[in-house]
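Letters A, B, ... are given to chains in the order of the sequence lines, protein chains preceding strands, and every chain is numbered from 1. None of these values were measured; they are calculated from a predicted model.
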There are 2 protein chains.
Amino acid sequence: MARARSEERRAEILRAALEVIAERGYRGATLGAVAERVGLSQQGLLHYFPTKEALLVAVLEDRDRWDTGGGRGGAGGEDGAWRLELLGSLVEYNAMRPGIVQTFSALLGESVTEEHPAREFFTHRYTQVRAAMAATLRAEYGDALPGGLSPERAAVLLVAVMDGLQYQWLLDPEAVDMPEAFGDFLGLLKGAAEKG
Amino acid sequence: MARARSEERRAEILRAALEVIAERGYRGATLGAVAERVGLSQQGLLHYFPTKEALLVAVLEDRDRWDTGGGRGGAGGEDGAWRLELLGSLVEYNAMRPGIVQTFSALLGESVTEEHPAREFFTHRYTQVRAAMAATLRAEYGDALPGGLSPERAAVLLVAVMDGLQYQWLLDPEAVDMPEAFGDFLGLLKGAAEKG
C-alpha cells in the first residue's frame with residue numbers, strides 16, 4: 001500500500017518534470033521547479049530522485065517505455081521492437097516536442113564525458129535500441145536489406161541518423177526538416193536507387 | 001608586431017588545449033590546466049579566452065580549419081569543400097582521437113540548451129558544413145545521387161550520420177565500428193542496391 005502510493009507519487013513527479021521540460025527546456029528543468037510543480041519540498045523530491053540527472057534519466061526511460069509501449073499506441077510491438085512504418089511517425093511526433101528532444105540531446109552530450117551519471121543509461125539504451133531496430137529490420141526485410149546491408153549494420157546507421165538529425169534540427173529548425181530527412185534515410189535503406 | 005606575438009600566443013594556447021583534451025578529456029580540460037601547460041596564470045589565459053566554452057569553440061574551429069585545410073593534407077579542397085573520398089579517412093582519423101571527438105560531442109550537446117555560448121558557433125558551422133558537403137556531393141554526382149537524393153538532402157543525412165555515430169562510438173567503442181559504419185552509409189548514398 002505504501003509502495004503503491006510511492007509508485008504513484010513517482011509517476012506524478014515524472015509527469016510534472018515532463019511539463020516543466022516542455023515549458024522551460026533542459027536548463028529550466030531544475031529540481032526546485034519540479035518540486036514546486038508537484039507540491040513537494042526540494043528535500044521531499046530528493047527522496048525520489050537524488051539528482052537532476054537521475055530525474056531526467058527516469059523521464060527518458062519513461063518516454064522510451066511509452067514510445068515502444070506494448071499496446072499503448074506507441075511505435076513498438078509487444079517484444080519492445082519498434083514497428084518500422086511507425087518510426088517515421090515517431091520522428092514526426094518528436095518534431096512537435098522540442099523540450100524532451102532537447103533534454104535527450106543535451107543529456108546524451110554530457111553522458112560521453114568521464115564518469116557521467118547518465119553514461120550507463122545511454123550505453124545500455126543504445127545496446128537495446130540497436131538490437132530492437134535490427135530485429136525490426138530483419139522482420140521486414142530478412143537477413144539483407146534491399147540496400148544490401150545486414151539488419152545489424154543498418155540499425156547502427158538508423159540510430160545515428162535519428163540522433164544526428166535532432167542536433168541539426170534543434171539548432172536550426174527552419175533549415176532542417178527532420179521528418180523529411182528521416183524519410184529520405186528510410187528510402188536509402190530500402191534501396192531508393194531502384195526508383196531513381 | 002605585438003599583434004603577431006599575440007596571435008602566436010593564441011596558437012600556442014590552442015595547441016596546449018588540444019594536448020590537455022587528448023590526455024584528460026572534456027572535463028579535465030579546465031582553463032587552469034591549460035594555463036599551467038602553457039605557462040600562463042589563469043588570469044593571463046582569460047585575456048585570450050574569457051571562458052572554457054570560448055576556448056573549446058576556438059579549438060574546434062581550428063580543427064575544422066585543419067580538416068578542410070587547403071593544401072595542408074586535410075580532407076578539404078581550396079574552396080573549403082570536403083573531398084568525398086577523404087571523408088572516410090577523416091572518420092578513421094577521428095576514431096584515433098577520442099578526446100577531441102568527445103569535446104566536440106559534449107559541447108554540441110550543451111549547445112542546444114537555452115542561450116548557450118556555443119550555440120551560435122554550431123548553428124553557423126552546420127549551415128556551412130551542409131553547404132560544403134552538398135557542393136562536394138554535387139561535384140561527384142551532379143544534381144541527383146545514384147541513390148536518388150539531391151546533394152542538399154543527402155548532405156543533411158551525411159552530417160547526421162557522422163555526429164550520431166560519434167555518440168554511439170564514444171559510449172561503446174567495442175560495439176560500434178565508426179569507420180565501417182560510415183563506409184556503409186557512403187555505400188547507401190551511392191545506391192548500394194545495385195551491388196545487392
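Looking at Leu149(B), the atoms closer than 4.5 Å to chain A (heavy atoms on both sides) all sit in the side chain, from C-beta outward. Both the backbone and the side chain of Val159(B) come within less than 4.5 Å of a heavy atom of chain A. For Tyr26(B), the parts lying near chain A are the backbone and the side chain together; criterion is any non-hydrogen pair under 4.5 Å. For a residue to count as touching a neighbouring chain, one of its non-hydrogen atoms must lie under 4.5 Å from one of that chain's; by this rule Ala144(A) does not touch chain B. With a threshold of 4.5 angstrom between heavy atoms, Ser111(B) approaches chain A through its backbone and through its side chain.
No more than 12 heavy-atom neighbours from other residues, nucleotides or ligands sit within 6.0 angstrom of CD on Glu120(B). The 12-atom threshold is exceeded at CD of Glu61(B), counting heavy atoms of other residues, nucleotides or ligands nearer than 6.0 Å. Heavy-atom neighbours of Glu180(B) CD from other residues, nucleotides or ligands within 6.0 Å: above the threshold of 12.
Using a 4.5 Å heavy-atom cutoff, the side chains of Leu188(B) and Phe185(A) are in contact. Side-chain contact check for Arg24(A) versus Glu114(B): every heavy-atom pair is 4.5 Å or farther apart. Counting heavy atoms from C-beta outward, Val112(A) and Tyr167(B) have side chains that approach closer than 4.5 Å. Proximity of Asp184(A) to Leu157(B): side-chain heavy atoms (C-beta onward) are separated by under 4.5 Å at one or more points.
Taking each heavy atom of Thr113(A) and Gln102(B) in turn, the nearest pair found is CA-NE2, 3.4 Å. Nearest heavy-atom pair, Gly164(A) versus Asp163(B), reported as atom, atom and distance to 0.1 Å: CA-CB, 4.5 Å.
Counting heavy-atom pairs closer than 4.5 Å to chain B, the top residue among Gly28(A), Pro98(A), Ala106(A) is Ala106(A). Counting heavy-atom pairs closer than 4.5 Å to chain B, the top residue among Gln166(A), Arg119(A), Met162(A) is Arg119(A).
The backbone N or O of Val156(B) lies less than 3.5 Å from a partner atom in the side chain of Gln168(A), making a donor-acceptor pair.
Rounding to the nearest 0.5 Å places CZ of Arg125(A) at 11.0 Å from CG of Leu171(B). Considering CG of Leu108(B) and CG of Leu108(A), their distance stands at 9.0 Å, rounded to 0.5 Å.
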Evaluate the side-chain contact (heavy atoms from CB on, under 4.5 Å) criterion for residues Arg153(A) and Asp177(B): first the C-alpha distance (whole Å), next the side-chain angles of each, then the deciding distance (0.1 Å), finally the verdict. CA-CA 10 Å; Arg153(A) 285 168 72 158; Asp177(B) 185 330; over 6 Å; no
